[in-house]
Q: 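Got a structure for you, written out below as structure tokens; questions coming shortly.
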Amino acid sequence: MLRHADRGDQGSAEKLSALEADLVLAYPIGYAAYLSFHKVTPAELRRGVFPSVGLANYERILSDPLFLLALKNTLVFTAVTVVAELALAIAIAHLIGQRQVWTSRVTRFLILLPYAVPPIANGLIWSFMYNFDFGFLNRLLFSAGLISKPVNWIGDPNTALLALTVPYIWRTLPFAVLLVHAALQGINPELYEAASVDGAGAFTRFRHITLPLLAPILVVILVLRTSFAFVVFEEVLAITQGGPGDATWVAVWYSYKRSFAPPFDIGIGAASAYVLALIIGALALAYVTIIYRRIE
């Protein structure tokens, strides 16, 4: 009887803890939604009264050319980083999975190092590498004969956004590699042997065996990496701070600047954050629907 009572008390405590955790997460999300429908500036914060503005905040950001530019930059950044990460993750996972390649063990260790670097530190490291005057990247390319004069990687509007993708990919790639590597280890080698006997080449085996079996984990990577790429912030803060001009303004940077830079309109920042969240949710749903439909 006592054991059953203890188990019942333990189950109730776990449910209560789960409820508390949900409330901790739900409250700031709900409060941000509340703020997005109100005018929240330093004047209102001093009075403690937030006038309701309805959908005015959403109308303002959707008609703001800078928000549309930030959204466009976010889409470009996300597309480049996600596609590059998937391709590199599959290639590197195959490499470190080859037992006959002696570098595979070393690669398994080295691939984890970028994941241990804090995002801000990663951004600062790459900002020094991109430096126009004494950056290591320009010096390396010049020594290799690939450039004849220094390239202003983060000071040129034509290259700044793409320059941001490299440090981000470098930092987040290990996550995708580990997931793909684990999935590859679960594929039965007999499938490849049977396909080889039937005359299937390496590309055919990859297309008809590897990719379909990797599809579930690729969906997970696509959803997570898209979600995280859409909210990139640290590299922008550490490397370009939205510049040059507005060339590297992304959606989260827009929300941050609208909320915590003059005129400090937190309602606008909250509304832009919710628009971004809706876009991420729609993309995640599209990923899952399209890919699983193809699998079936």
Side-chain angles (χ1 to χ4, degrees), residues 74-117 119 122 162 164-232 234-235 250 276-296:
T74 302
L75 290 171
V76 172
F77 181 90
T78 302
V80 172
T81 55
V82 170
V83 171
E85 280 192 46
L86 277 177
L88 290 172
I90 294 173
I92 296 174
H94 271 91
L95 174 64
I96 64 178
Q98 300 297 320
R99 296 181 179 179
Q100 64 270 25
V101 180
W102 68 271
T103 57
S104 62
R105 294 183 180 179
V106 179
T107 307
R108 292 176 195 177
F109 169 73
L110 293 178
I111 198 65
L112 294 174
L113 292 181
Y115 210 53
V117 178
N122 175 58
L162 291 178
L164 278 180
T165 64
V166 177
Y168 180 83
I169 293 170
W170 184 83
R171 175 172 65 86
T172 59
L173 181 60
F175 175 81
V177 171
L178 291 177
L179 289 182
V180 175
H181 177 63
L184 287 174
Q185 302 308 302
I187 298 178
N188 190 346
E190 294 180 358
L191 295 175
Y192 294 108
E193 295 174 2
S196 298
V197 171
D198 292 338
F203 179 77
T204 302
R205 295 196 301 270
F206 175 78
R207 180 181 177 184
H208 294 286
I209 298 177
T210 305
L211 275 184
L213 294 177
L214 286 180
I217 200 65
L218 292 181
V219 171
V220 173
I221 295 173
L222 278 170
V223 172
L224 293 179
R225 289 271 50 92
T226 299
S227 302
F228 290 132
F230 249 87
V231 295
V232 61
E234 292 88 349
E235 278 78 10
V250 291
L276 182 61
L278 290 175
I279 295 174
I280 293 173
L283 287 175
L285 182 61
Y287 278 150
V288 174
T289 302
I290 293 173
I291 292 179
Y292 276 104
R293 184 175 296 172
R294 289 184 177 181
I295 294 174
E296 292 176 359

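The model shown is predicted, which means the values in this text are computed figures rather than measured ones.
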Q: Is there side-chain contact between L283 and T78, with heavy atoms separated by less than 4.5 Å?
A: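 Contact flag for L283/T78 side chains = no.
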Q: Test side-chain contact (heavy atoms from CB on, under 4.5 Å) on V250 and L164 and set out the steps.
A: CA-CA 11 Å; V250 291; L164 278 180; 5.8 Å; no
Q: Closest heavy-atom contact between A89 and L173?
A: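 Heavy-atom minimum between the residues: N-CD1, 3.9 Å.
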Q: Spell out, as yes or no, whether a donor-acceptor pair under 3.5 Å connects the side chain of T165 to the backbone of L162.
A: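 The answer is yes, because a donor-acceptor pair under 3.5 Å joins these two groups.
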Q: Do W170 and V117 have side chains that approach each other closer than 4.5 Å (heavy atoms only, starting at C-beta)?
A: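 SC-SC contact between W170 and V117 confirmed.
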Q: Has the side chain of N122 got a donor or acceptor atom that lies under 3.5 Å from a matching backbone atom of P167?
A: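 Such a contact is found between N122 side chain and P167 backbone.
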Q: Just verifying a value: how many Å separate R171 CZ and E234 CD, rounded to the nearest 0.5 Å?
A: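 Spacing of CZ (R171) from CD (E234) equals 5.5 Å.
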Q: I279 and T74: side-chain contact (heavy atoms from CB on, under 4.5 Å), yes or no, with the steps?
A: CA-CA 11 Å; I279 295 174; T74 302; over 6 Å; no
Q: Using atom types as modelled, flag every donor-acceptor pair under 3.5 Å from a side chain in residues 198-226 to any protein atom, sequence neighbours excluded.
A:
| residue | atom | partner | partner atom | Å |
| --- | --- | --- | --- | --- |
| R205 | NH1 | S196 | OG | 3.3 |
| R205 | NH1 | A200 | O | 2.9 |
| T210 | OG1 | Y192 | OH | 2.6 |
| R225 | NE | E85 | OE1 | 3.2 |
| R225 | NH2 | Y168 | OH | 3.3 |
| T226 | OG1 | L222 | O | 2.6 |
| T226 | OG1 | Y287 | OH | 3.0 |

Q: Between T81 and V232, does a side-chain contact (heavy atoms from CB on, under 4.5 Å) hold up when you go through it step by step?
A: CA-CA 11 Å; T81 55; V232 61; over 6 Å; no
